[in-house]
Structure formats: C-alpha cells, structure tokens
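All residue numbers in this chain count up from 1 along the given sequence. Below, each value reflects all heavy atoms present in this structure, side chains not excepted, and no hydrogens, waters or symmetry copies.
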Amino acid sequence: MDNFLGIFLVAATSAIVLNVIFKRFEIPSIIGYIITGILISQVYDFNGNAELSHIAEFGIVFLMFTIGLEFSFKHLMAMKQEVFLNGSLQMLLCGFICTLLVMVLLGFASKSAIVVGFALALSSTAVVLKILNDNGDIKEHYGRKVLGILIFQDLAVIPLLLLADIFSSTDKNIIQLVLTTLLSACILLTLLYFIGKYLIDRIFHFVIRSSSQEIFILTILFIVIGSSFLAYNFGFSYSLGAFIAGVLIAETNYRHKIEADLIPFRDLLLGFFFVTIGMQIQFEIVFQNWFLIVLLTFLITSLKFGIVFVFLSCYNKKKVALKTAFSIAQVGEFSLVIFSLLQSKKMIDINTAQILILVSIITMMLTPFVLNNIRKIANVVEDMTLNSNLTQNFGEISKLKNHLVIFGYGRLGQEVVQKIKNTGVPYLALESDLNLVELGRSRGENVVFANAAQEETFKIANIEECAVVIITISNEAKLEMLCQILEGFATPIDIIVHMNANAQKILFSNISENLRIVPSEKVLATKLVQEALECRIHKN
C-alpha cells in the first residue's frame, strides 16, 4: 500500500508539473502523462504495475461510454459505411500488409505473424478520440470516418484474441470456440438491448426523484462498470460493453447531463492509462534495437497511412481521405494488450514484444502533434500533390499555344470556363483555392493549382504564347498586381478584366492598349468570352 501511495504521489506531482510547463508550449497533456510513466519506471525500477494498470483501463472504458452517448442506434445504422465498409477494408488491407512486413523483418512464423500483423493494424482509440473530442473534430466529416473505423477495430479485437487462443493451443476445438463466441455475442447484445429499452429510463426516473447528485453519479458509474463487466464475462473487451451502454443511454433524455458529469472521471482515468503506457518503456531494449524500432515505426505508419488514403480517396474527397489516414496511422493500446498476451503464451519472445510495444508507444506519442495540426498538414500534403501533378503535366501544358488563360476559378471563372469549353478553344484556368481546383478537376476541366504571385506560374501557363488572359479575380489589390506583372512581359499580352468605374480610376489611370476593361455592370461570362474570342481572332 505504501509503495502504491508513493507511486501515486510521484505520478501526480510529475503530471502536474510537466503538463503546466507543456501547456505553455501547446504540447498535448498525453505526452506529459507518458513521460510521467517513464519517470516512475526509472525511480521505482520497474516497468509496470498491475493495480495501476487495472485502474487506468477504466479510462478507455469511460471514453468509449461518452463516445457511445453521442450516438443512437439510428446514428449507428446511418454509419454503416464508416463502420463496416471502411473498417473492414482498413483492418483487412493493413492487417495483411503488416503480416507480410513482420514475417520479413522479424522472421515470425505464419501464426504469430497473422496475430501480430492484425494487431499492428489497430489504431489508438484512447489517443485519437480524446483529441478529436477536445478539438471538436469528432463531428467533422473525417471525424465520423475515423470513429467508424475505430468502432470496427474495437470489434475486431475479439476475433484477434480468439485467434491468439486458437494458435497457442492444439487441445481446443476451434469450431466450439467460434460458436461459443457467437453465442456469447448474441446473448450480450440481447441483454443490453432489453436493459436499455425497458430498465434505463425507469432507473433514472427513480434516482432523479431522490434529488441527490451523488446517487445520480453513482448510478451512472454502476451502469458503465456493470455493462463493461457483463461484456468482459462474455469474452469481450470492457470498452465494447461501455460503448454499447452509451449507445443505449443516448436514446434517453439524460444523455447531456450524464456526459457532463462523467468528463472529469474520464479524463483523470485516461491520464492514468497514459502513465502506464510510459511505464512499459525499457531503454536498454531501445538502445540495442533503435534502428529496427525506427524502421518499423516509419514503415508501419507509412503503410497504414497509404492504404487508408488510397481506398478512401476512391469515394471521398482527397482532403477527407488525408485527414482520416493521418488520424489512424498509429498503433493502438489494444495492440499492447495483444503483444503482452502473445508473450505470455510463448508465441513471441520478450525482446520482440518490447520492440513492438515501443513502436506502438512512439506512434501514439507522435499522434497528438499530428492531430492538433491536421488541417495544416493536410493542406501542405494536398498542396504538394497538386504541385507534383502540375509538374508532371508541365510538358503537356507547355505545348499549349494561342490558348486562353483564365486567372480565378470562382463563380464567374467557372461560367467563363464552361462557355470556353463549348467553343473548343484550348484554355487553362489557374486557381489558388485547393477546394475550387478539386471541384474543377472533378468536372474534367483544365484547372490547375497556382499562385499568381509566383514566377513559375507564368512559365507553366506558357503565358507568352497565349492568345488572351481573362482575369475574373475581384480582389482589387491582387488584380492590380497581376496586371502589372502581365504588362511587364517583353511580349505584349492581351488582358481582359472587369471592374466598376471607380476601381478603374483608382487602379488604372493610364490604360495600356493591350488591356480591355469590361464594366462591372455588364459583367457576364458571355461578354468576357466574346471579348476574348474577338481578341484571339484579331491576333491571328
């Protein structure tokens, strides 16, 4: 008991001090908790504590319960694609590739490789959902896709544990194990469904009449832990039972009050969970196998990211696919449980188990930095992709001659492009908004990502060989800058713009003979295109 209290005091002190310091530098609290666990393991010279681990496990339980509160069965049915299609594709593809990877790099036999490979395909529910909840992204389009995949992964833990049991023993009847698991699942779901449908409302109504806040909170704790206990005794994970309980209570009128009362418990227990993660790091194994650990970390996260991005981008916007892929590229906490189980069953040795655990921890530590900057990272990657595509198509674009160049693909620019397409005249539209570029490409239009302030843009557009430039940009500062650049070329370039009379006086006191201005009161795509085509004919 004294030792446990000492551990608790050191953990609490370290976590408070580290997270106060880290908060100033916007470093996530998860990192502070993991470093706290590392410090404890060094001070007390051990790499785990069963009592603390059991307490910390309830952090995930309460997290999954509060996630379940956000959904009803109707919402879950509406998420069929996110859970079952995306989830199964992610698990099968990532699991298969990771299985081949560990067979090649770690020399595993096929049975051990299958369990380890699919365990590496799992992502971190605790890390990802906590951050998505904190920053509100759980309600974003990509957040729903991430949640759906994580729910499926939590379900996939059950057959993985079953596989570990089957592969480690030759005495058990495989068919009997599978049938027992299916029967247990049916009984569990039936029990929880009837409890939620016929008892939950009556229980809360009875408790609320007592006008006691502590009894209300105790009732919530009883329901969460009771559901988890029930699921565990039927052979499933604690967190799955808690999630189902949350979904059942989401159908009641008490959802928001319950969620508000549980958040302090959830966050505190999750902190303990991350402390126990840090306690599992053994530095001697890190130093002995640092290259293999770094290599596996890079390969596993890259493969998981690539696989998820490829299949999601087939039927989703690329930015959504990017954010989802980045969010679940790490290895999860349930993987740690499976690695420890495989070690206890002698399916992998202690050094290999530690290497896999360290890879998982490193990926989880990197995840908060990725998720907190997910928009910036997605924009940078998409920007690089578009620029790469533009560079690849440079030869084809540079062959354009006597073509029309349109700056801006907003509402007016889209109308202009549509009318030019109908004439069959070659054209190229340049736009700096990634969403608009993606929209144009989805329509099969010749729209490329480009910044008008960069010299490279004009080279790519082969501006000196074009017939006419049409500017549909409404921002006066950008318009003036662009016209000045275009008039600075040695070869005269015909330019067509639109603006009102006041802007014309302010921006262009001396109008070049190559500049045609269409008054804004007559701004129609038809008018702009007519002017451009006439200018092109005259030039020829």
Side-chain angles (χ1 to χ4, degrees), residues 67 70-98 117-118 120-125 128-129 131-132 136-156 300-330 332 367 370-371 374-390 392-393 409 414 417-418 429 431 433-449:
I67 293 300
E70 296 291 329
F71 294 89
S72 63
F73 280 110
K74 291 180 182 177
H75 286 132
L76 282 177
M77 289 300 102
M79 287 182 65
K80 292 192 292 290
Q81 185 185 73
E82 282 79 4
V83 177
F84 298 106
L85 175 62
N86 295 343
S88 58
L89 283 173
Q90 188 274 333
M91 277 300 298
L92 290 172
L93 294 173
C94 292
F96 178 72
I97 297 299
C98 288
F118 279 86
L120 290 170
L122 298 172
S123 305
S124 177
T125 299
V128 175
L129 292 189
I131 296 172
L132 292 185
D137 279 3
I138 193 71
K139 296 179 181 178
E140 295 287 328
H141 191 39
Y142 89 92
R144 294 296 182 184
K145 295 196 177 299
V146 170
L147 177 60
I149 292 172
L150 290 174
I151 291 172
F152 187 87
Q153 288 182 358
D154 201 34
L155 294 170
I300 290 167
T301 53
S302 299
L303 287 170
K304 291 180 73 173
F305 168 83
I307 291 167
V308 173
F309 173 72
V310 168
F311 79 73
L312 279 182
S313 60
C314 293
Y315 50 92
N316 291 279
K317 289 184 177 179
K318 284 188 172 58
K319 189 169 286 188
V320 172
L322 276 171
K323 290 180 180 178
T324 307
F326 274 121
S327 299
I328 58 173
Q330 75 292 130
T367 299
V370 174
L371 290 180
I374 192 76
R375 286 179 175 80
K376 293 179 183 176
I377 295 171
N379 285 338
V380 168
V381 172
E382 192 172 30
D383 196 346
M384 290 168 60
T385 304
L386 287 168
N387 281 325
S388 173
N389 290 340
L390 188 58
Q392 289 173 7
N393 296 329
Y409 189 72
Q414 291 171 34
V417 167
Q418 186 60 47
E431 174 57 57
D433 187 320
L434 296 172
N435 292 323
L436 291 176
V437 173
E438 191 172 302
L439 173 64
R441 291 189 171 186
S442 69
R443 294 172 174 173
E445 294 172 349
N446 198 16
V447 185
V448 297
F449 176 76

Checking Q90 side chain against A121 main chain: does a donor-acceptor pair fall under 3.5 Å? yes
Which heavy atom of V308 sits nearest a heavy atom of A325, and at what distance? CG1-CA, 3.8 Å
To check you understand the geometry: which heavy-atom pair defines the closest contact between F118 and L92, and what is its length? CE2-CA, 4.1 Å
When you look at Q418 and E445, which way does the side chain to side chain contact (heavy atoms under 4.5 Å, CB included) test go after all the steps? CA-CA 9 Å; Q418 186 60 47; E445 294 172 349; 3.5 Å; yes
From OH (Y142) to OG1 (T324), nearest 0.5 Å: 8.0 Å
Distance-minimising heavy-atom pair for A429 and V417: CB-CG2, 4.0 Å
Please check if the side chain of E431 supplies one atom and the backbone of V447 the other of a donor-acceptor pair under 3.5 Å. no
C94 vs L303, side chain to side chain contact (heavy atoms under 4.5 Å, CB included): CA-CA, chis, key distance, verdict: CA-CA 7 Å; C94 292; L303 287 170; over 6 Å; no
Name the orientation class of the two ring planes belonging to F152 and F84 (parallel below 30°, tilted from 30 to 60°, perpendicular beyond 60°). perpendicular
Assess whether side chain to side chain donor-acceptor pair (under 3.5 Å) is satisfied between S124 and Q330, documenting all intermediate values. CA-CA 7 Å; S124 177; Q330 75 292 130; 5.3 Å; no
Give a yes or no on whether the backbone of S123 and the side-chain of Q153 come within a donor-acceptor separation of less than 3.5 Å. yes
Can you establish whether the number of heavy atoms outside F311 located under 6.0 Å from its atom CZ is more than 12? yes
K145/E82 salt bridge by N-O under 4.0 Å criterion: yes
In Å, rounded to the nearest 0.5 Å, how long is the span from CD1 of I97 to NZ of K304? 13.0 Å
Hey, does the side chain of S88 reach the backbone of L85 with a donor-acceptor pair shorter than 3.5 angstrom? yes
Determine, step by step, whether L122 and M91 satisfy the side chain to side chain contact (heavy atoms under 4.5 Å, CB included) criterion, reporting the C-alpha distance in whole Å, the side-chain angles of both residues, the deciding distance to 0.1 Å, and the verdict. CA-CA 7 Å; L122 298 172; M91 277 300 298; 3.8 Å; yes
When rounded to the nearest 0.5 Å, the distance separating CZ of F326 from OG1 of T301 is 10.0 Å
Quick one: pull up CD1 in I151 and CG in L147 and give me the separation to the nearest 0.5 Å. 4.0 Å
